[in-house]
Protein chains: 2
Amino acid sequence: MTADGQGAERTARPRRADARRNQRTLLDAAAAVFVRSGVDAPVRDIAAEAGVGTGTVYRHFPTRADLVVAVYRHQIEACAEAGPALLESCPTPYEALGRWVDLFADFLVTKHGLAAVLNSDDPGFQALHASFLDRLAPVCGRLLAAAEEAGEIGPGLEAYTLMRGVGNLCVGAESDDRYDARRMVRLLVAGLRQPR
Amino acid sequence: MTADGQGAERTARPRRADARRNQRTLLDAAAAVFVRSGVDAPVRDIAAEAGVGTGTVYRHFPTRADLVVAVYRHQIEACAEAGPALLESCPTPYEALGRWVDLFADFLVTKHGLAAVLNSDDPGFQALHASFLDRLAPVCGRLLAAAEEAGEIGPGLEAYTLMRGVGNLCVGAESDDRYDARRMVRLLVAGLRQPR
DNA sequence: TTGCAAAGCGGAACGTTGTTCCGTATGTTT
DNA sequence: AAACATACGGAACAACGTTCCGCTTTGCAA
């Protein structure tokens with residue numbers, strides 16, 4: 001395995017109190033900077049905002065991607081939990097799928113540049129890539145399977161592919177008002193429907 | 001206008017013979033390096049391949065994006081000319097649109113990282129962005145309008161939006177074999193169809 | 001309370017990018 | 001052939017992610 005303990009103790013609480021404090025500070029600072037300057041903001045900016053050195057950032061988050069994952073962890077979780085809930089509350093699986101995809105797209109679109117970095121093939125973002133997709137793909141997969149069983153959509157579409165597609169459609173959405181990412185996502189989902 | 005003579009004399013022939021020779025060499029070198037290392041290849045690599053200094057690259061192509069545009073100019077042109085042709089040869093405008101989109105997607109997918117750079121919001125790539133879309137959007141627009149008039153698709157979709165959507169779907173297509181960009185593009189086009 | 005290893009910190013330093021600058025070389029023109 | 005504009009090379013700059021290491025702080029043990 002190339003990933004050493006990646007999923008195991010990514011946000012293990014540091015032993016010392018000051019370190020724990022810094023980790024919190026860093027997360028808050030990163031969240032603030034991400035909102036202000038986008039997810040691509042320089043690590044130095046985040047360190048400055050938190051009032052620490054760059055080394056400290058890297059002590060807590062081995063790579064920029066880990067920081068991004070940590071900041072958005074809660075929202076990823078919320079998105080994951082929304083899947084089963086929608087499946088129950090919606091009249092048809094296809095509608096649940098559609099709503100869930102909207103949720104996912106909204107999440108990506110509102111974070112400047114998140115989608116771009118999610119779909120980047122830069123090896124440095126593998127962790128991010130994995131964390132997002134590993135958590136959400138099964139959720140999406142269940143929605144997909146349900147809709148498929150109900151005969152509402154065609155067979156054989158991988159959750160991974162759909163999520164990457166949606167993620168891609170959201171790239172650059174908020175920095176270009178001539179491009180309507182949500183509309184494209186709706187179109188994609190519409191294309192899913194298979195009258196059989 | 002912020003763009004000074006961008007469309008006017010982008011590839012104006014240099015006065016001196018060695019300069020003209022170098023421009024050719026550079027285009028060839030860039031094409032080779034793009035194939036080998038993708039469109040994101042460092043300018044230094046291209047300069048090295050061509051056997052010139054980096055300054056020379058920038059003398060001929062003010063920015064990396066201009067070089068990319070120059071290299072793919074022919075294919076953009078071909079894609080642009082295919083539009084009207086398809087409109088004539090296809091039984092229905094919608095089918096012409098679908099085929100044209102496939103063409104466009106194929107073009108993007110086969111060039112490593114082209115799509116990513118096309119849809120980047122990095123200001124440095126405005127030139128590229130503009131050259132691609134300014135040339136192709138009218139073509140796409142005509143196909144869209146024809147399909148719309150024929151009642152095959154819903155109204156009010158901008159060519160720009162569709163092209164960015166397709167471009168986005170193609171990001172990272174060739175560096176991730178679990179992701180099937182062409183399939184997503186097909187889905188998007190399918191979603192376009194409006195039974196009305 | 002005091003001492004002392006371990007844990008953590010800051011920011012200089014490194015490697016890689018795109019891009020600019022300028023002294024030098026080379027066509028072109030008269 | 002001399003003079004001049006044009007073009008060249010590559011060093012130099014700025015911005016980035018990341019690493020490294022000497023110093024500081026902390027928490028535990030005596």
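Order of the sequence lines sets the chain letters (A, B, ...), proteins ahead of strands, with each chain counted from 1.
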Reckon [X] has a side-chain N or O less than 4.0 Å from the OP1 or OP2 of [N]?
X: A:T56; N: C:dG8; answer: no
X: A:R16; N: C:dG8; answer: no
X: B:H60; N: D:dA7; answer: no
X: A:N22; N: C:dG8; answer: no
X: B:T54; N: C:dG18; answer: no

Rounded to whole Å, how long is the line connecting atom [atom1] of [X] with atom [atom2] of [N]?
X: A:Q23; N: C:dA7; atom1: CD; atom2: P; result: 16 Å
X: B:I46; N: D:dG10; atom1: CD1; atom2: C1'; result: 17 Å
X: B:F61; N: C:dT20; atom1: CZ; atom2: P; result: 16 Å
X: A:D45; N: D:dC16; atom1: CG; atom2: P; result: 7 Å
X: A:R21; N: C:dG10; atom1: CZ; atom2: P; result: 11 Å
X: A:Y58; N: C:dA12; atom1: OH; atom2: P; result: 16 Å
X: A:D18; N: C:dA6; atom1: CG; atom2: C1'; result: 12 Å

Next on the checklist: Can you work out whether A:D40 or A:G55 has the more 5'-proximal nearest nucleotide on DNA chain D?
Outcome noted: A:D40

Salt bridge between [X] and [Y], side-chain N to carboxylate O under 4.0 Å?
X: B:R164; Y: A:D176; result: yes
X: A:E77; Y: A:R135; result: yes
X: A:R99; Y: A:E95; result: yes

Next on the checklist: Any non-hydrogen side-chain atom of A:V117 less than 4.5 Å from a side-chain atom of A:D40?
Outcome noted: yes

Checklist entry - With a non-hydrogen cut-off below 4.0 angstrom, is B:A48 in contact with a base, only sugar-phosphate, or nothing? => result nothing

Item to check | Touch class at under 4.0 angstrom, heavy-atom based, for B:A47 against every strand present | outcome: nothing

Checklist entry - Between A:T92 and A:E152, does any side-chain donor sit less than 3.5 Å from a side-chain acceptor? => result yes

Item to check | Donor-acceptor pair (no angle test) under 3.5 Å: B:R15 side chain, C:dT28 base | outcome: no

Next on the checklist: Whether the side chain of B:R44 and the base of C:dG18 hold a donor-acceptor pair under 3.5 Å is what I'd like checked.
Outcome noted: yes

Item to check | Which nucleotide in D:dT18, C:dC9, D:dA7 has an atom nearest any side-chain atom of A:R59 | outcome: C:dC9

Item to check | Shortest side-chain distance from A:A19, nucleotide among C:dC9, C:dT28, D:dT18 | outcome: C:dC9

